[in-house]
Amino acid sequence: MPELVDGLDSKSSAFGHVGSSPTAPTSLMGTYNRLPIAFTKGKGCWLWDKQGHCYLDALAGIATCSLGHSNRALRIELSKQLKKVQHVSNLYQIPEQEQLAKWLVEHSCAEKVFFCNSGAEANEAAIKLSRKHGHVVRGIQEPVILVANGSFHGRTLATVSATGQPKYHRGFEPTVKGFQFFPYNDTKSFERLLYRLEAEGPKVASILIEPIQGEGGVNPGNRDFFLRLRNLCNEYQILFIYDEVQIGMGRSGHWWGYQQLGIEPDAFTLAKGLGGGHAIGALLVNQKANLFSPGDHASTFGGNPFACKAGLTVAQEITRMSLLENVQQRGEQLRQGLLQLIELFPNEFEEVRGWGLLQGLVLKDTTNLTAQTFASEAIKEKLLVGAAGEKVIRFAPPLIINSREVSKLLLRVKRSLIRCK
Ligand SMILES: *Cc1c(COP(=O)(O)O)cnc(C)c1O
């Protein structure tokens, strides 16, 4: 089965046919194991394939389509923008970019924003920023960035090197140097690593960490652990950087994942949910991390009027429709429903974990069932879910999902499970 994850691991497994149509010859490179379904229409939380079958989308283009499909405001605002101007480059002022940056700064702990086009690119910017901080602020010649086991930061060479999952490195070594790994949520191991690295003077530039690990298995960060990291960063003048590419922009039920933890970073990255399905990434920094000067970093497409208009519209719609509250309520409904399923199937499931509308249903190690198999059976029940690692079924529906749709989702999860047995 294809893995429905950000990683889209092409080496994972044989292709499993889900629908009836055989796969046609393709001119595409073999980077993905695609399912044999093509969606031709979307509305809200629903997608239709060419045959007219209707699917409940509980993955939202991997946590990107925050306003669901074919959102009215996005349609109107982006059509208008297409008729005005689409791209001019960062050689000139871009009012839409200014507006989105202003909105982000007014609604977060950040003071400045850099725009790019994807999560990996936003993290690349964070990695370069870290190195500059290491050189300029801490006087380190070869700065080290601390990253967690089980993390996912992207597929470019530097971000894949920062990713704490060896399966993504295999075949692409040598990885970029300057990253050291620690176990997520493990204070003692972290302290040991930091004290060892800092024993003979400054060595560490930053910590890059997800407030909740998405692709690595929907693992929420532990508040006490993050508080310790925050304090150590202050003590050592290390930048504390969150990768909020998946959880940021409302998915946790707060605007930002760091609000769920109650611990602010010095910088954080966004992408997935920010454009409501359109390509945009961002690095946000506080005063201390505002280190880039002209010439340090750039992106041709970054912050173009179209992408920024998408981001602005997503922000406005989340506000107008009180979607943060909706995420909290629907997230709780989803969680409670999944907990009931665990009671019904105690041999299959271990636990439910997550924040808001990013939830992971964890399969027991003792079952043969994998998240992949479950996801493919779910398609037969017209439900789209993802896998986060081998044993975690990932739910990341649009933030607009209503209670009736969550009930349908839960019913389809139950039916899919019965199919798996
Ligand atoms: C998806 C993801 C990325 C990579 O984003 P791309 O837009 O695919 O480059 C990075 N970090 C996290 C936490 C993600 O979930």
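Ligands are counted one by one from 1 in listed order, and the atoms in each one are counted from 1 as well. Because the structure is a prediction, the values reported are computed rather than measured.
Short contacts between ligand 1 and D243, defined as distances under 4.0 Å to a heavy atom of the residue, involve ligand atoms 10 (C), 11 (N), 12 (C), 13 (C). Close approach to Q246 involves these atoms of ligand 1, each under 4.0 Å from a residue heavy atom: 15 (O). The contact set between ligand 1 and S118, taken as ligand atoms under 4.0 Å from a residue heavy atom, comprises 7 (O), 9 (O). Per-residue contacts place A120 under 4.0 angstrom from the following atoms of ligand 1 (heavy atoms of the residue considered): 4 (C), 5 (O), 6 (P), 9 (O). Remark: ligand 1 atoms within the under-4.0 Å shell around heavy atoms of N123 are 10 (C), 11 (N).
Under 3.5 Å, the side chains of T159 and T156 contain a donor-acceptor pair of N or O atoms.
At a 4.0 Å heavy-atom cut-off, ligand 1 does not touch A271 at all. Residue contacts with ligand 1 for I62 are absent, since no atom lies close enough (heavy atoms, distance under 4.0 Å).
Under the 4.5 Å side-chain criterion, counting only non-hydrogen atoms from C-beta, N304 is not in contact with Q86.
Evaluation of the ring pair (Phe, Tyr, Trp, His ring centres under 6.0 Å) test over residues 119-138, restricted to residues two or more places apart or in two chains, returns none. Applying the ring pair (Phe, Tyr, Trp, His ring centres under 6.0 Å) rule to pairs touching residues 56-98 yields H87-F301, sequence neighbours excluded.
Considering backbone and side-chain atoms together, G154 places no N or O closer than 3.5 Å to any N or O of ligand 1. Of the polar atoms of G119, at least one N or O is found under 3.5 Å from an N or O of ligand 1, judged by distance alone. Residue-to-ligand polar distances keep E210 apart from ligand 1: every N/O pair is separated by 3.5 Å or more. Between F152 and ligand 1, at least one pair of N/O atoms sits closer than 3.5 Å. An N or O contact shorter than 3.5 Å links K272 to ligand 1 by distance.
Here E377 pairs with K380 in a salt bridge; the nearest charged N to carboxylate O distance falls below 4.0 Å. Ion pairing of K128 with D296 is absent here, as no side-chain N (NZ or NE/NH1/NH2) approaches a carboxylate O to less than 4.0 Å.
Using a 30° and 60° split on the angle between ring planes, F226 and F240 fall in the tilted class, from 30° to 60°.
In summary, the aromatic rings of F39 and W48 are positioned with their centroids too far apart to meet the 6.0 Å limit.
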